[in-house]
Structure formats: C-alpha cells, structure tokens
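Computed from a prediction, not measured in an experiment: that's the story for all the values here. Heavy-atom basis, side chains included; hydrogens, waters and symmetry copies ignored.
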Amino acid sequence: MDETVDTITLTGLKVEGTHGVLDHEHSEPQLFVIDVVLEVPTSRAIASDSIEHTVSYADVADRVVQIVQGEHVDLIETLADRIAQDLLTLGPRTAEVSVHKPNAPMSHDFADVSVTAVRMGPALRQAQHKVVIALGSNLEDPVAHICEAIVEMGAFVNITEVSGLYSSEPVLAPGQAKQPDYVNAVVIGTSFDAPLVLLYQLHELEHMHGRERLERWGARTLDLDVISIDGLTLNDPEITVPHPRAKERRFVLEPWLDADPDATLDGVPVEDLLKGVKDQRLEPLGIVPDLPIYDDDFDVSDHFSAGGKHFDSRTFDMPFDPMNPDHFGASDFDFGDIRPEDFDDDSGSDTDSGSPGKHD
C-alpha cells in the first residue's frame, strides 16, 4: 500500500511552567515556547476527509500545554522527551519537539536556549523482536515458492522455528472464480529491524516471486503476513499487529502451533484458539522446510528460482532504511501500483483464503 505521510507543524506555542535546575525555577513560572513537527500517515484522512483519521493539532496543543504546566522537571531535555513520547500516542510515525527557554537564567546576552528531541514511533523504531510470519501460495509451484521464500527470508530474519507445510482451501468472495488450494506455513524468528522495515522487506520478497495484486482475494504466487511481534501492539495504516484476523484462521493457527506448541496470541493459547476453527479444511503435506542460515550479506538473486523462473534482484542492504526508496526496490517496483482495496482492513498484508493474507 502506498501510504501518504504528511507533516503537521505547530510552532511558537507559548506556555508557562516551572522547569529548571535552580530553586526558584521549581516554584516561579517562566515562559517556554514549544515547536512540534509530526510525520503522520494521512491516506485514510484524505480519503474520508475526517479528523478522526489524522492527528488534530488542537489535541497536540492541549497535550503540550498539559505537560508543560504539569510536573516539574529540572532539564528541558526531559521536558522535550516527555512531550514527544506523549504525542507519539496520538498516532504519528515520528515526533520532533523543540523546547525553547527564552528567559533562561544566564548572565549573558543571548537570543534563545532550546533543546530538540526527535523520537520514532514503534512502527519505525529499530529493535530486536521475536516475530511470527505466515506464508501462503497457490500459483505456479506453491511448495517451491514457500520453501524458497523461507530460505530468502534468512536475509533479514533469524529464523529459529519452521512449521511443516499444509494445504488449505481458498475462501472466496461471492461469485469469485475458483482457485487452487493454498500451501501454508509459519516461521518464527528474530527481526532486528523496525516493523515497517520488516513489512517492506516482505513486500519486496513477494514481488520477487511474481506477486501481482490484480483483484482482492486473488490467487497469488506468494503471500507473507506479519502475525505477531512480541511486546508490540501496532495500529499503523500499513501494519497492524497482532494480526486482527489470525485467530480466525486455521491455516495460520495450526502451523503456528506446529512451530511453537506454547504459542499465545493476545494472551490466549493458540491451542485454545485452534479449537474454534477446526471446521476449516487443512491438511498436512508431510514436508518440513529446512531452517535457513541467517546472513546479513545474503544475496537474494543468488538463491532465487521459484516456480522455475529467475527474478533479478539486489543484495539486501543492512540495516534497511525505510525512508530510502532504493531500500525497498522502488527502482523496479512501484508501490503506487498497489491499491488500498488490495489490502484487507490495512492489516499489514492480507490473510485470506488459504493464504496468510485475505481470508475473509
């Protein structure tokens, strides 16, 4: 999905507060001037023309005033951080906050004193996380696509557990043409990248396998979904975790339980969730892919020939930069070709029929 990200700026917000190291600054209010710059996903807001789908600058101002007028801190560094962290809860991807202290107690002639804090939201924050990724394919040679994608994923995920392969029946929209059965699997591993970076890497891998988004719930050569990222709850327009429909999908839950018998989703054992979807057809294929070797110098083009075809690609650069178009294949893949309706409720990929994507 080609998400639009715009900048919301609030400058020169004047608030009095009691912040500073000196004794009198603990009790005597002084002027602080706050500037805020937020990078906000706005595709949904533009389409709906609703303030509910963006960040209200009035809410931003209210939050800033509340913090500046609130609990005392000695350092404006601390104050800037508190404001930035609080504003990130409103949904921007990044928050830049400058705290100016124009009347700072100094015996020198000066124009201003300020501190600027730049903070990333969780979708762009690089960290080590345990991740659960579901795979599905029902075109060309699905077994080859799944097995080779698992190997290729070793370029950016340290995979520690791999389920066996399963066959599942597609779930189709009314009147939709029949499709071949899907082959599904789940892998568990460690990602060292930000969630959006991981998502873009998975999208590029799908594209390398010839994935085309021509219709909603259409057949696909490869479908990759982020199901869970431990310790994170995300509701970004491009990625939602935990995956909102994973608990309804036997083709996700059963391979996941195969890979991790102690798995939980939103605090509920996957084993218990599986009991509610046993009516969905799923058959083990008796194939267990090998664990890939994690390699941050992995060259995908050297290892890729899914479905008997070879797709040229580049070496994955590590670390991956989500703000650099060259790092998600923009030179040969236009995310603008992906329409919003090709995604299921903006869940970060799909989870349907036999694929881990759009199975509604």
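Of the N and O atoms on the side chains of N103 and Q30, not one donor lies less than 3.5 Å from an acceptor on the other residue. Looking only at atom types and distance, the side chain of D6 has a donor-acceptor partner in the side chain of T42 under 3.5 Å away. The closest side-chain donor-acceptor pair between H19 and E25, if any, does not fall under 3.5 angstrom. A side-chain N or O of Y182 and one of R220 form a donor-acceptor pair less than 3.5 Å apart.
At least one donor-acceptor pair under 3.5 Å links the side chain of T221 to the backbone N or O of H209. The main-chain N or O of V277 is never found under 3.5 Å from a side-chain atom of R250 such that the two would form a donor-acceptor pair. With S163 contributing its side chain and V186 its backbone, the two residues share a donor-acceptor pair below 3.5 Å. Checked by atom type and distance alone, the side chain of N138 never pairs as donor or acceptor with a backbone atom of A219 at under 3.5 Å. Checking side-chain atoms of E283 against main-chain N and O of S168 turns up no donor-acceptor pair under 3.5 Å.
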Side-chain polar contacts of residues 77-95 - donor-acceptor pairs under 3.5 angstrom, sequence neighbours left out - could you list them?
from: D81; atom 1: OD1; to: Q85; atom 2: NE2; distance (Å): 3.4
from: D81; atom 1: OD1; to: R119; atom 2: NE; distance (Å): 2.8
from: D81; atom 1: OD1; to: R119; atom 2: NH2; distance (Å): 3.3
from: R82; atom 1: NH1; to: E71; atom 2: OE1; distance (Å): 3.4
from: D86; atom 1: OD1; to: R63; atom 2: NH1; distance (Å): 3.4
from: D86; atom 1: OD2; to: R63; atom 2: NH1; distance (Å): 3.0
from: T89; atom 1: OG1; to: R63; atom 2: NH1; distance (Å): 3.1
from: T89; atom 1: OG1; to: D86; atom 2: O; distance (Å): 2.5
from: R93; atom 1: NE; to: D236; atom 2: OD2; distance (Å): 2.9
from: R93; atom 1: NH1; to: E238; atom 2: OE1; distance (Å): 3.4
from: R93; atom 1: NH2; to: D236; atom 2: OD1; distance (Å): 2.6
from: R93; atom 1: NH2; to: D236; atom 2: OD2; distance (Å): 3.4
from: R93; atom 1: NH2; to: E238; atom 2: OE1; distance (Å): 2.8

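Between D112 and K101 there is no salt bridge, since no side-chain nitrogen of the basic residue lies less than 4.0 Å from a carboxylate oxygen of the acidic one. At a threshold of 4.0 Å, the pair K247-D272 does not count as salt-bridged, since none of the basic side-chain nitrogens sits closer than that to a carboxylate oxygen.
Applying the side-chain contact (heavy atoms from CB on, under 4.5 Å) test to A127 and every residue at least two apart in sequence or in another chain returns H129.
Applying the ring-ring contact (aromatic ring centres under 6.0 Å, His included) rule to pairs touching residues 41-91 yields H26-H72, sequence neighbours excluded.
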